[in-house]
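To start, the structure under review is shown below, and the notes come after it.
Along the sequence shown, residues carry numbers from 1.
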Amino acid sequence: MKPYRILSLVAALGLMAAFAPAAATAAAAPAPGAAPAAGQAVQMTLIQTLCSSYTVVPANKTPAVFDQTGGHFAELDTSHQTVLTDPTTDIPAICTRADGWQFQLYGDPGLSVPVGAPLTTGTDGAHTGSVTITLDANELALAQTTGAPTGLWVSEIMQPGVAGFGALRCFTDMNNGDDRENIQGIGTSNLQIYCIAYSVLPASTYHALAPTRLLDTRNGTGGLSGPLSSHVAATFQVSGGVVPANAIAVTGNLTVTGQTSNGYLFIGPTATNNPTSSTLNFPVADDRANAVTVGLGTGGTLSITFVGSGPSKAAYVIFDVTGYFTADTSGATYHALTPARLLDTRNGTGGLSGPLSSHVAATFQVSGGVVPANAIAVTGNLTVTGQTSNGYLFIGPTATNNPTSSTLNFPVADDRANAVTVGLGTGGTLSITFVAPSSGQSAYVIFDVTGYFTADTSGAFYVPLTPARILDTRNGTGGIFNPLSSHSAQSFAVGGQGRVSSSAIAVTGNLTVTGQTSNGYLFIGPTATNNPTSSTLNFPVADDRANSATVALSGAGGSLSVTFVAPGPGPTANAIFDVSGYFVP
C-alpha cells in the first residue's frame, strides 16, 4: 500500500550555533556546493510523535483547515511557527513518540542514504519514535547543492493504513515557504539536526462481533500453548481473521484459570515483562474474567503478562473478542450515558423476574428508552448475585443455551461484576445465559448500561492509548491521598492525564480496589454521588479485584468521581484507575 504524504515542509534548514558541540568553535558556512572540511558529517534525527488533538500540535492551523481523512497536502501556517530548541522539551507532554511512522527523504541520486524510500521510526517497543541518518563529507557536499534534482530535503508521510496528520518542524526553520527542508550551508562538523513530525492520533469507529475465542492457552488456540510463566510476556495474533488487518483496537474479555499463585494479568499492545499497570487481579483457585478495550500492537497483535507472587508460578489465559475499531468512519460512533439499570431479575426490572436457570437463555429489551432504537451495540456492566453454584454468565446478541465463550466467571456467595461492550440483537435486545456445572442451579443477574454505539458519525470517535495509571489513592496519584471512606464521593481529573485529550467526553479504563476493610462496591461515573444507584466493581474483604469501565466524563477538561459503598459506617478502601483510551466528538 502506498502511504499518503501528509505534510511537506515549508522552510529551509540553516545553522544554529546552539546545536554545535560544546567544544567546537563556530565555522563559516561554505557556499552551496563547496567541499566540506575533512571528516565533516551531519546527523539528522527524524522524530514522529502522536498527539491527541489538533489543538496541541505546534505551529498548527485552525483544526477545521485540515482534512482529517488524510491523503492531502496540509501546509504549515508559518505565521505561528517558532524555532525549535530542544527535541525533548518542544514535544508537548500530551504527545507520545510513535513507532512505525515514516518520513520521505529526497535528494541527489549520488547519496547513499535511501533517497526516495521511506525511513521508518523505531519499532523496538521502546517507543523511541525516531530514526537517525548520517551524511559523510561527500554526501554532505551533494546535499548542499541547490536546484532539483540535487540537494536533500525531507517530508513526512503517514504510517501505512493509518489516518491522521499534523505538522512537521525542523531545526532551524527559515519560514521561506518552499515546501521542503533543504540541507545546505552547514559548516560545523558533527552537527545534529532534529526534525519533529506531529500527527494527530487517529480517531476510530466500532464494529461489533459475536463473541469469538481467539486465545486459550489450555489447548493452543491462538498459537500459545501451555500456562504463562510469571514475568514472561506472551504475544498472540489478533487481526487476520474475524478481526481485519486494519483494526487498531479491540474489545473483548480476558479470563484466567488454573493459576498456581495469586497475581494479575496485564494485556496491551507492547510486550513487557514488568508491566506498571494491571488488567485482571485474582487469587488462587478462582476463575476470573475482566473486559478490556485495548489498542493493538504492530502487525495486529496483543501481549499478555502474568505477574505472580514468586518465581515458577504459572497461569492459563483465555481471550474472547467482542468487537474492533478501525481508523475510519466505516463503523459506529459512541454516545456516553450516565449509568442506568436496565435489568435486575431480583425485582423484575427489564422484564425478567426471578433467577436464571442453568443453560436457559433469557432475552431482555435494551433499546427503546435511554438507549435509542438505532443503537447497534452498548457498553455496560453485568453483575451476578444470589448464585446457588459456581459457573459463568454469557451475554450476547443471540439467545444460546450452550455458549462457547464466557463473560463473567464466579464462585458461590460472591457478588461479582464484569464490564461488557456487546452488539445488540434483532430489535435491540440482549440475551444472557447462566452456565453451571450441574443441573438445577440458578442465579440472579443485573445489567447497567453506560453508553451505546450508532452506525453513523453522530457520536464520538475512539482513540486507544497505552494503559496509564491516573488514580492511585495509596500514593496520591490523581490528587486523592487517602483511602476512600464509605458513601463519600471523590473526584479526580482525567482530561490531560495519561495522554487523555482535554476534549474527551468519555474514557475506557480499569478500576481496581485494594486494601478494603469491608465488603462492598465501587461506583465510577461523571457525577459525584454519595449514594449511587448502580455499581461498577463488587468485592469481599482481602481480595484485590478489578473491573473494566467505559464511562462518560464530566465538566470542562473532563473528570470522574469514584464512590466506595460499604454495608456500614467506618470502612475504607483504596481505588486505582488505569486509562486505556478515550472518545472525542
Are the side chain of Asn253 and the backbone N or O of Asp320 linked by a donor-acceptor pair below 3.5 Å?
no

Could you list all the ring pair (Phe, Tyr, Trp, His ring centres under 6.0 Å) pairs where at least one residue sits in residues 456-501, not counting sequence neighbours?
Phe325-Tyr462, Tyr462-Phe583

Between Asn574 and Thr473, is any side-chain donor less than 3.5 angstrom from a side-chain acceptor?
yes

Ignoring hydrogens and geometry, is there a side-chain-to-backbone donor-acceptor pair from Ser580 to Thr293 under 3.5 Å?
yes

Applying side chain to side chain contact (heavy atoms under 4.5 Å, CB included) to Val420 and Phe447, what does each step give before you reach the verdict?
CA-CA 10 Å; Val420 297; Phe447 183 76; 3.5 Å; yes

Determine whether a donor-acceptor pair (N or O, by modelled atom type, separation under 3.5 Å) exists between the side chain of Thr477 and the backbone of Asp472.
no

Compare every heavy atom of Asn418 with every heavy atom of Ala291, then report the nearest pair and how far apart it is.
N-OD1, 2.8 Å

Return the minimal non-hydrogen interatomic distance between Pro339 and Ser534, and the atom names on each side.
CB-OG, 3.6 Å

About how many Å separate CZ of Phe523 and CZ of Phe564, when rounded to the nearest 0.5 Å?
15.5 Å

Here the gap from Leu265 atom CG to Ile318 atom CD1, rounded to the nearest 0.5 Å, amounts to 10.5 Å

Pairing residues for Thr514 by the side-chain hydrogen bond (donor to acceptor under 3.5 Å, both in side chains) criterion, not counting sequence neighbours:
Asp544

Taking all non-hydrogen atoms of both residues, which atom of Gly295 and which atom of Pro269 are closest, and how far apart?
O-CB, 3.3 Å

Looking at Asp286, is its backbone amide N or carbonyl O close enough to the side chain of Gln259 to form a donor-acceptor pair, meaning the two atoms are under 3.5 Å apart?
yes

Worked check of side chain to side chain contact (heavy atoms under 4.5 Å, CB included) between Thr550 and Tyr334:
CA-CA 10 Å; Thr550 301; Tyr334 186 65; 3.4 Å; yes

Please name the pair of heavy atoms, one in Pro355 and one in Thr345, separated by the smallest distance, quoted to 0.1 Å.
CA-OG1, 4.5 Å

For Phe577 and Ile524: C-alpha separation, side-chain torsions, deciding distance, then whether side chain to side chain contact (heavy atoms under 4.5 Å, CB included) applies.
CA-CA 10 Å; Phe577 187 74; Ile524 193 168; 3.9 Å; yes

Would you please say whether a donor-acceptor pair under 3.5 Å links the side chains of Gln237 and Ser239?
yes

Could you report the tightest heavy-atom contact between Ala573 and Val513, atom names first, then the distance?
CB-CG2, 3.9 Å

State the CG-CD distance between Asn530 and Gln490, to the nearest 0.5 angstrom.
9.0 Å

Hey, what do you get for CZ (Phe236) to CD1 (Ile304), rounding to the nearest 0.5 Å?
4.5 Å

Starting at OH of Tyr582, measure out to OG of Ser502 and round the result to the nearest 0.5 Å.
9.0 Å

If we ignore hydrogens and angles and just use 3.5 Å, is the side chain of Asn547 paired with the main-chain N or O of Leu537 as donor and acceptor?
no

Check the pair Asn409, Arg288 against side chain to side chain contact (heavy atoms under 4.5 Å, CB included), reporting the backbone distance first and the verdict last.
CA-CA 5 Å; Asn409 300 69; Arg288 190 168 288 190; 5.8 Å; no

Side chain of Ser559, backbone of Ser491: donor and acceptor closer than 3.5 Å?
no

Any residue meeting side-chain hydrogen bond (donor to acceptor under 3.5 Å, both in side chains) with Thr450, in chain and number order, not counting sequence neighbours:
Thr379

Would Thr398 and Thr400 count as a side chain to side chain donor-acceptor pair (under 3.5 Å) here? Give the steps.
CA-CA 6 Å; Thr398 306; Thr400 173; over 6 Å; no

Looking at Thr572, is its backbone amide N or carbonyl O close enough to the side chain of Thr517 to form a donor-acceptor pair, meaning the two atoms are under 3.5 Å apart?
yes

If you round to the nearest 0.5 Å, how far is OG1 of Thr255 from OH of Tyr316?
15.5 Å

Would you indicate whether the side-chain heavy atoms of Tyr452 and Leu337 approach each other to under 4.5 Å?
yes

Quick one: are Thr563 and Val565 in side-chain contact, heavy atoms under 4.5 Å?
yes

Between His207 and Thr326, is there a side-chain heavy-atom distance shorter than 4.5 Å?
yes

Between Leu484 and Ile480 the two heavy atoms that sit nearest each other are CD2-CG2, 4.4 Å

Ignoring hydrogens and angles, tell me if any N or O in the side chain of Ser261 forms a donor-acceptor pair with the backbone of Lys313 under 3.5 Å.
no

I want to check something: taking the side chain as every heavy atom from C-beta on, are Leu430 and Leu342 in contact at a cut-off of under 4.5 Å?
no

Check whether any side-chain heavy atom of Ile576 lies under 4.5 Å from a side-chain heavy atom of Arg474, and answer yes or no.
yes

So, Thr333 side chain and Asp456 main chain: donor-acceptor pair closer than 3.5 Å or not?
yes

